[in-house]
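Structure record follows, encoded as structure tokens.
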Amino acid sequence: MSNWSRFNIVSVVLGFAFLYLPIVLLVVFSFNESKLVTVWAGFSTKWYVALFNNQGLMDAAWVTIRVALLSATIATILGTMAALALTRYTRFRGRLLFSGMVYAPLVMPEVITGLSLLLLFVAIGFDRGFVTVTLAHITFSMCFVTVVVQSRLLSFDRSIEEAALDLGATPVRTFLEVTLPVILPAVLSGWMLALTLSLDDLVISSFTSGPGATTLPMKIYSQVRLGVTPEINAACTLLIGLVAIGVVIASIMTKRREVQRQRDEQAAFAGR
Amino acid sequence: MNKLGSAIFSRLVIILPYAWLLFFFLVPFFIVFRISLSTTAIAQPPYEPVFALADGLSGFFGKVGQFSFANYIWLTEDALYLNAYLSSIWIAGVSTFITLLIGYPIAYGMAQAPRTLRPTLLMLVILPFWTSFLIRVYAWIAILKPEGLLNQFLLSIGVIDQPLIIIGTNWAIYIGIVYSYLPFMILPLYSALEKMDNSLIEAAKDLGCPPISAFWKITFPLSLPGVVAGCMLVFIPAVGEFVIPDLLGGSQTLMIGKTLWNEFNANRDWPVSAAVATILLLILVVPIVFFQNAQAKAEEQGR
């Protein structure tokens with residue numbers, strides 16, 4: 001395409017360099033022999049060994065993974081429900097408030113969400129810990145799931161749902177056998193998004209967490225404040241690696257599913 | 001049976017997420033507001049009055065009488081808070097503008113890219129978003145430090161002969177916000193620019209319109225919804241940003257998110273931090289409503 005001028009190419013390449021260079025440097029210096037993260041002194045994996053011997057960090061990682069899995073799953077269920085409510089039931093009492101409550105958390109500064117949830121837990125006399133962090137994560141990540149699933153539902157051909165209902169399928173069965181298989185990739189990417197948001201969160205966790213429920217970002221943050229160390233670089237590299245593997249697997253799965261679906265559709269139209 | 005099942009299903013789909021958001025998102029704001037009217041006390045929780053069910057209705061009204069606006073008056077009396085609000089808005093505004101300046105050419109370049117390449121480019125923009133926010137901000141500390149990688153590089157190629165002091169200044173915060181929020185700007189811009197019909201530009205060119213004025217007269221106005229959405233997605237969370245000013249800014253950096261955090265964690269003054277949060281929310285209500293209207297419009301068009 002002749003439209004892709006040199007200016008376009010340069011701006012895209014520079015943009016991506018800006019986005020990726022800091023992350024690449026962080027990963028590179030996690031393998032640095034020296035304790036300094038700015039002077040290269042040879043290749044070493046000793047910081048990874050140190051990392052696995054750091055019991056505090058390992059405990060925090062375990063808490064983080066449990067919170068993320070639990071909160072992402074519940075957030076996906078609630079978020080998908082909210083997406084269905086917003087796209088399928090256009091008229092119900094309080095819809096405006098509902099859509100407001102779905103979009104507002106997307107941009108709400110984390111300090112406000114965190115503080116307000118903490119004050120809620122205190123007001124109802126709930127002890128802060130694993131449960132409160134999970135509840136908080138569900139609340140802010142479900143709205144991201146809703147947005148992802150909603151965009152898929154909007155481009156969905158509703159006539160096949162109506163056909164299923166006309167043929168006597170119950171709404172639940174229609175949802176499970178017609179709607180869900182089609183929106184599944186969006187639901188899964190919503191789940192992935194909720195998972196990473198939860199793995200990532202520092203501010204809301206710090207407000208809503210209690211003793212014994214320190215998450216990995218909280219631990220990393222408290223160490224970063226004391227100074228930059230290669231050990232933290234190693235922890236970050238592992239997190240980046242985990243997320244990268246997850247994203248690659250997810251994108252391969254979506255691609256395969258897409259190819260399969262197209263093949264099925266072609267077979268159906270060909271009358272087999 | 002079918003009808004009943006249908007009714008239950010549709011009710012459930014609406015009521016469950018609705019109730020969840022009411023209880024965990026909306027109700028907490030009222031609690032914040034109420035506590036902002038309380039006075040600080042050395043107790044657990046550290047504020048008075050505290051409502052209890054045992055008080056009954058008369059007890060409730062008795063305690064409403066103890067409400068005070070002292071915390072809000074305190075906020076206006078100490079210049080620290082006003083300055084923190086103003087400098088947060090200023091820093092967020094400048095950062096949003098820089099993000100737009102950097103993000104627009106990238107989004108435009110992506111939208112002009114060969115069709116087969118676009119999904120990959122889109123994936124590459126989204127990918128950094130999946131890595132931890134904290135990690136991405138942390139990565140910049142090693143780059144921006146006086147003895148950091150940027151200064152080493154600039155010194156070695158001879159552009160500067162003294163290390164630049166970036167970390168601890170507002171520049172470090174601008175860089176941090178631009179870097180962290182860039183994908184939020186690129187994505188709505190890209191989706192607005194990608195839908196654009198290139199033949200409009202060609203028609204303008206054929207009619208003798210120079211490329212630059214074709215851009216300002218056609219491309220930019222048509223991408224305006226993307227510009228608005230992108231700017232809101234960057235500006236609103238940036239105003240209340242905590243991690244970036246805390247890690248990249250210096251001790252004299254004033255941002256309201258950091259002030260609130262310190263008020264809460266270091267001073268343990270819950271009523272004042274609740275008042276700070278209430279005012280921050282009031283400041284952000286206008287852009288948030290603006291953002292939601294844009295979202296609702298997009299939703300309507302999608303239907």
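- Of the residues considered (A/L19, A/V10, A/V111, A/V12), A/L19 shows the highest number of contacts with chain B, using heavy-atom pairs under 4.5 Å.
- Interface residue B/I106: backbone and side-chain heavy atoms are both found under 4.5 Å from chain A.
- Interface remark: B/I256 contributes no atoms to any contact with chain A (heavy atom separation under 4.5 Å).
- Between B/F24 and B/W20, the ring-plane angle classifies as tilted under the 30° and 60° cut-offs.
- Residue with the most contacts toward chain B among A/G79, A/P22, A/A85: A/P22 (heavy-atom pairs, distance under 4.5 Å).
- Taking the six-membered ring where the residue is Trp, the centroids of A/F140 and A/F144 are separated by 6.0 Å or more.
- Chain A forms the most heavy-atom pairs under 4.5 Å with one residue out of B/G240, B/P17, B/A238, and that residue is B/P17.
- Only the side chain of B/L117 has a heavy atom closer than 4.5 Å to any heavy atom of chain A.
- Among A/S116, A/P109, A/G94, the residue making the largest number of heavy-atom pairs under 4.5 Å with chain B is A/S116.
- When each of B/L127, B/V289, B/I288 is checked for heavy-atom pairs under 4.5 Å with chain A, B/L127 comes out on top.
- With respect to chain B, the highest number of heavy-atom pairs below 4.5 Å among A/L97, A/V102, A/L96, A/T80 belongs to A/L97.
- For the atom pair CG of A/L115 and CD1 of A/I112, the computed distance is 8.5 Å after rounding to the nearest 0.5 Å.
- Within the 4.5 angstrom heavy-atom criterion, only side-chain atoms of B/L247, from C-beta onward, approach chain A.
- For A/M142, the part lying near chain B is the side chain, with the backbone staying farther off; criterion is any non-hydrogen pair under 4.5 Å.
- With chain B as the partner, the residue from A/I220, A/I23, A/L202, A/V147 showing the most heavy-atom pairs under 4.5 Å is A/I23.
- With B/M110 as reference, B/I186 is the one residue of B/I186, B/L124, B/L189 to meet the side chain to side chain contact (heavy atoms under 4.5 Å, CB included) rule.
- If you measure heavy-atom distances from B/I14 to chain A, the contacts under 4.5 Å come from both the backbone and the side chain.
- Of the two parts of A/L25, only the side chain, counted from C-beta on, holds a non-hydrogen atom closer than 4.5 Å to a non-hydrogen atom of chain B.
- With A/S11 contributing its side chain and A/F7 its backbone, the two residues share a donor-acceptor pair below 3.5 Å.
- With a 4.5 angstrom heavy-atom cutoff, A/L26 touches chain B only via side-chain atoms.
- Chosen from B/L233, B/V178, B/L281, B/D246, the residue pairing most often with chain A at heavy-atom distances under 4.5 Å is B/D246.
- The choice from B/T278, B/I135, B/V32, B/V239 that makes the most heavy-atom pairs within less than 4.5 Å of chain A is B/I135.
- Interface remark: A/T196 contributes side-chain atoms only to the contact with chain B (heavy atom separation under 4.5 Å).
- Ranked by heavy-atom pairs under 4.5 Å with chain B, the first of A/L106, A/I77, A/I138 is A/I138.
- When B/V137, B/L22, B/I35 are compared by the number of non-hydrogen pairs under 4.5 Å with chain A, B/L22 comes out ahead.
- Interface remark: B/L121 contributes backbone and side-chain atoms alike to the contact with chain A (heavy atom separation under 4.5 Å).
- Ranked by heavy-atom pairs under 4.5 Å with chain A, the list B/W140, B/Y108, B/F30 is led by B/W140.
- Contact of A/L216 with chain B is not made at all, since no heavy-atom distance falls under 4.5 Å.
- Of the atoms belonging to B/L284, it is side-chain heavy atoms, and not backbone ones, that fall under 4.5 Å from chain A.
- Heavy-atom contacts from other residues, nucleotides or ligands closer than 6.0 Å to CG of B/L282 number more than 12.
- Only the side chain of A/L118 comes within contact range of chain B, with at least one heavy atom under 4.5 Å from a heavy atom of that chain.
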Checklist entry - Could you walk me through whether A/F207 and B/F242 pass the ring pair (Phe, Tyr, Trp, His ring centres under 6.0 Å) check? => result CA-CA 13 Å; A/F207 274 108; B/F242 163 72; 8.3 Å; no
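- Side-chain contact of A/S5 with A/N8: a donor-acceptor pair under 3.5 Å is present, judged by distance alone.
- Residue B/F133 touches chain A through both its backbone and its side chain, counting heavy-atom pairs closer than 4.5 Å.
- Within the 4.5 angstrom heavy-atom criterion, atoms from both the backbone and the side chain of A/F98 approach chain B.
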